[in-house]
Amino acid sequence: MYRILLFILFQNCLLSANAQLLARKKALPDEKPPKAVLVELFSGYKRLERTRDKLTKPELIEALKKANQKMVMDFDDNFKYCPVYYFYDSNIIAIQNGEIEGKLLDEKGGFVEHPVINNRDTNFFILYYGVLVPNESSPFDLHLTQKMLVALNYKGDVLKYPLPKTPGPATYKNLKSKKLNIFYRYSNKRTETHYRACALRYSRLLERFYGKQPALKTKKYF
């Protein structure tokens, strides 16, 4: 009887520990914050190859350009947690293979000469705005057609819970300014190209999870 009680007590302790692990919203000591985030910009090269109608290609190129511009402006103006670099989707395989140097861009589209990460680093997140590809860590009730900001590790795998893999669709209602939400938003239904502001929300999500980092200098567009 005594052994049974000890076994039950031990099992309850394990269940309680696992519940706390799954429910936690703070990083553990060995979960280091990213040194930088790499934001993927879309060139549409795959979509352009599949588009046979030449008349739609210029429109698609222009739509992707405008969406990229909104995303860069959003992150450059509102993401404050750590350094932000940009890269085009045509370089995603190289970056996942650790070929970082010479691939990163700044907010003006120029190559970054001295980034805080190099080819040997693995402590960075890759961010893209699009549909979250379902895997074992994705909730089953996720709307798979809903576009959002998604965070990947250096290998290109979706961050596993409880790491902050996505803040979900975001608005700037908490800032009480419709102007901000409209300013960073882009939508083109004809080309199915969209972007909604999400940089501020993800910046705050990282801060809540990992703790505060040294403040970064930010720019304001208005």
Side-chain angles (χ1 to χ4, degrees), residues 21-28 30-42 44 46 64 67-89 91-93 95-96 104 107 117 121-175 180-181 183-187 192-213 216:
L21 180 63
L22 291 175
R24 66 184 173 86
K25 297 181 180 180
K26 298 291 184 180
L28 297 176
D30 61 338
E31 291 173 342
K32 302 301 181 183
K35 294 168 64 176
V37 295
L38 278 53
V39 176
E40 183 177 16
L41 305 177
F42 294 101
K46 291 184 178 180
L64 290 171
N68 287 336
Q69 289 174 341
K70 292 292 185 178
M71 191 170 190
V72 170
M73 290 163 60
D74 185 23
F75 272 85
D76 189 45
D77 203 27
N78 297 301
F79 189 88
K80 305 176 182 179
Y81 187 76
C82 63
V84 181
Y85 305 117
Y86 308 90
F87 70 95
Y88 277 101
D89 49 4
N91 285 323
I92 183 62
I93 300 301
I95 288 177
Q96 290 173 359
L104 305 183
E107 72 280 2
I117 57 175
D121 279 307
T122 59
N123 190 18
F124 61 88
F125 290 168
I126 299 172
L127 307 179
Y128 74 87
Y129 187 82
V131 177
L132 175 61
V133 178
N135 58 20
E136 67 278 1
S137 66
S138 300
F140 292 105
D141 60 349
L142 181 70
H143 296 292
L144 298 181
T145 59
Q146 189 174 14
K147 291 189 176 182
M148 61 184 68
L149 184 71
V150 180
L152 315 174
N153 64 14
Y154 71 99
K155 294 181 180 179
D157 299 323
V158 176
L159 298 181
K160 293 185 178 180
Y161 185 86
L163 298 183
K165 63 186 176 184
T166 172
T171 65
Y172 281 76
K173 291 181 180 179
N174 57 329
L175 296 181
L180 283 173
N181 192 36
F183 185 77
Y184 298 110
R185 185 172 183 171
Y186 179 77
S187 181
E192 297 182 353
T193 306
H194 309 279
Y195 179 74
R196 295 186 68 183
C198 52
L200 178 61
R201 188 171 179 181
Y202 194 62
S203 182
R204 290 178 174 175
L205 182 62
L206 291 180
E207 182 176 322
R208 288 196 300 269
F209 188 78
Y210 291 107
K212 290 186 177 182
Q213 294 281 78
L216 297 176

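Index from 1, following the sequence. Every value quoted in this text rests on a predicted model; they were computed, and no experiment measured them. Values below: all heavy atoms of this structure, side chains included; hydrogens, waters and symmetry mates excluded.
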Heavy atoms from other residues, nucleotides or ligands near OH of Y88 exceed 12 (cutoff 6.0 Å): no

Q69 CD: over 12 foreign heavy atoms closer than 6.0 Å: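 Above 12, so yes.
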
If we only count heavy atoms from C-beta on, is the [X] to [Y] side-chain gap below 4.5 Å?
X	Y	answer
Y186	D74	no
L149	M71	yes
Y184	N78	yes
T166	V158	no
Y129	R196	yes
T193	F42	no

Side-chain donor-acceptor contact under 3.5 Å, N68 with Y86: no

Which atoms form the tightest heavy-atom contact between [X] and [Y], and what is the distance?
X	Y	result
N123	K32	OD1-O, 3.8 Å
P164	L206	CG-CD2, 3.5 Å
G44	D89	N-OD2, 3.7 Å
Y202	A151	OH-CB, 3.1 Å
Y81	S203	N-OG, 3.3 Å

Test side chain to side chain contact (heavy atoms under 4.5 Å, CB included) applied to F79 and V39, step by step: CA-CA 11 Å; F79 189 88; V39 176; over 6 Å; no

Chi angles and distances behind the side chain to side chain contact (heavy atoms under 4.5 Å, CB included) call for I117, L104: CA-CA 10 Å; I117 57 175; L104 305 183; 4.3 Å; yes

Nearest 0.5 Å, what's the [atom1]-[atom2] distance between [X] and [Y]?
X	Y	atom1	atom2	value
R185	K70	CZ	NZ	11.5 Å
E192	K147	CD	NZ	7.0 Å
I126	L159	CD1	CG	9.5 Å
F87	L127	CZ	CG	8.5 Å
Q96	D157	CD	CG	8.0 Å
L205	L200	CG	CG	11.0 Å

Side chain to side chain contact (heavy atoms under 4.5 Å, CB included) partner of L38, chosen from F124, F125, Y128: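 The option that passes is F124.
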
Exam field: side chain T122 to backbone Y154, donor-acceptor pair closer than 3.5 Å: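 No: the side chain of T122 does not pair with the backbone of Y154.
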
